[in-house]
Amino acid sequence: MIRFEQVTKRYPDGTTAVDDLSFEVSEGELVTLVGPSGCGKTTTMMMVNRLIEPTSGRIFVNGENIATVDPVRLRRRIGYVIQQVGLFPHRTVLDNTATVPSLVGWKRAKARARAAELLDLVGLDPKRYGRRYPEQLSGGQRQRVGVARALAADPPVLLMDEPPPLP
Ligand SMILES: Nc1ncnc2c1ncn2[C@@H]1O[C@H](COP(=O)(O)OP(=O)(O)OP(=O)(O)O)[C@@H](O)[C@H]1O
Ligand SMILES: [Mg+2]
């Protein structure tokens with residue numbers, strides 16, 4: 001499903017964030033990257049959906065070398081919960097959750113029904129929270145909306161970064 005072949009990421013200032021990394025994840029597998037702050041976990045995940053391009057090495061998703069796949073098409077198949085949550089501040093909780101279904105052309109009613117179902121799944125009553133804006137939620141509630149949004153279009157690949165530590 002996902003294969004890294006000798007992947008290295010070096011930033012322009014010379015920092016090597018990921019060094020010669022190879023691994024494979026099969027369909028249905030749940031993999032956790034564990035390591036100290038700054039060891040390259042987020043960089044590794046962001047290379048899977050091409051938000052970061054590797055300096056060398058190859059990454060395959062479903063047998064396809066992702067360097068040859070249109071990044072937007074690639075990302076529609078990958079749910080991503082980013083470390084800063086990254087909800088759209090000007091969109092309601094329900095509309096945030098319906099983002100990808102809307103983008104891939106689901107009918108509005110179907111996208112909203114799916115969003116409500118996912119909010120329910122992450123423990124947020126859509127009637128109570130659906131019309132709120134992200135700033136009207138707690139940090140943990142925002143993180144849960146991020147999870148619901150990533151799951152909404154039922155992507156074959158789901159990347160989840162941990163929430164940042166409390167300031
Ligand atoms: N744009 C950048 N330019 C230079 N170095 C960077 C850049 N982005 C990240 N780094 C460095 O790359 C390394 C890996 O960063 P990364 O964000 O992948 O770590 P992480 O394992 O996710 O850490 P955390 O647990 O703190 O989230 C760190 O040393 C970081 O300082
Ligand atoms: Mg990180």
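When reading the values below, keep in mind they use all heavy atoms of this one structure, side chains included, and skip hydrogens, waters and symmetry mates. All ligand and atom numbering here is 1-based and tracks the order in the structure.
- Here Thr42 has heavy atoms under 4.0 Å from ligand 1 in both its backbone and its side chain.
- In the candidate list Arg10, Lys9, Lys41, Lys41 is nearest to atom 25 (O) of ligand 1, counting heavy atoms.
- Stacking of Arg149 on the aromatic ring of Phe88 is recorded, both the 6.0 Å distance cut-off and the 45° axial limit being met.
- Counting heavy atoms under 4.0 Å from ligand 1, residue Thr43 touches it through both backbone and side chain.
- Of the N and O atoms on the side chains of Asp20 and Thr8, not one donor lies less than 3.5 Å from an acceptor on the other residue.
- Comparing Pro12, Gly35, Gly38, Cys39 against atom 28 (C) of ligand 1, the shortest heavy-atom distance belongs to Gly38.
- Near Thr15, meaning under 4.0 Å from any of its heavy atoms, are these atoms of ligand 1: 5 (N), 11 (C), 12 (O).
- Taking every heavy atom of Ala17 and a limit of under 4.0 angstrom, the matching atoms of ligand 1 come to 12 (O), 13 (C), 14 (C).
- With contacts defined as side-chain heavy-atom distances shorter than 4.5 Å, the pair Asn62/Met1 qualifies.
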Exercise for review: Tell me, with the steps shown, if Leu119 and Val145 meet side-chain contact (heavy atoms from CB on, under 4.5 Å).
Suggested key: CA-CA 7 Å; Leu119 286 173; Val145 175; 4.3 Å; yes
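- No more than 12 heavy atoms of other residues, nucleotides or ligands sit less than 6.0 Å from atom CD of Glu27.
- At a cut-off of 2.8 Å, Thr42 is counted among the residues with an N, O or S atom near the Mg ion (ligand 2).
- Under a 4.0 angstrom heavy-atom cut-off, Gly40 registers as being in contact with ligand 1.
- Tyr129 does not carry Lys127 over the face of its six-membered ring by the limits of under 6.0 Å from the centre and within 45° of the normal.
- Each of the atoms 4 (C) of ligand 1 lies under 4.0 Å from some heavy atom of Asp13.
- Ion pairing between a basic and an acidic side chain is recognised when a charged N comes within 4.0 Å of a carboxylate O; Arg77 and Glu64 show such pairing.
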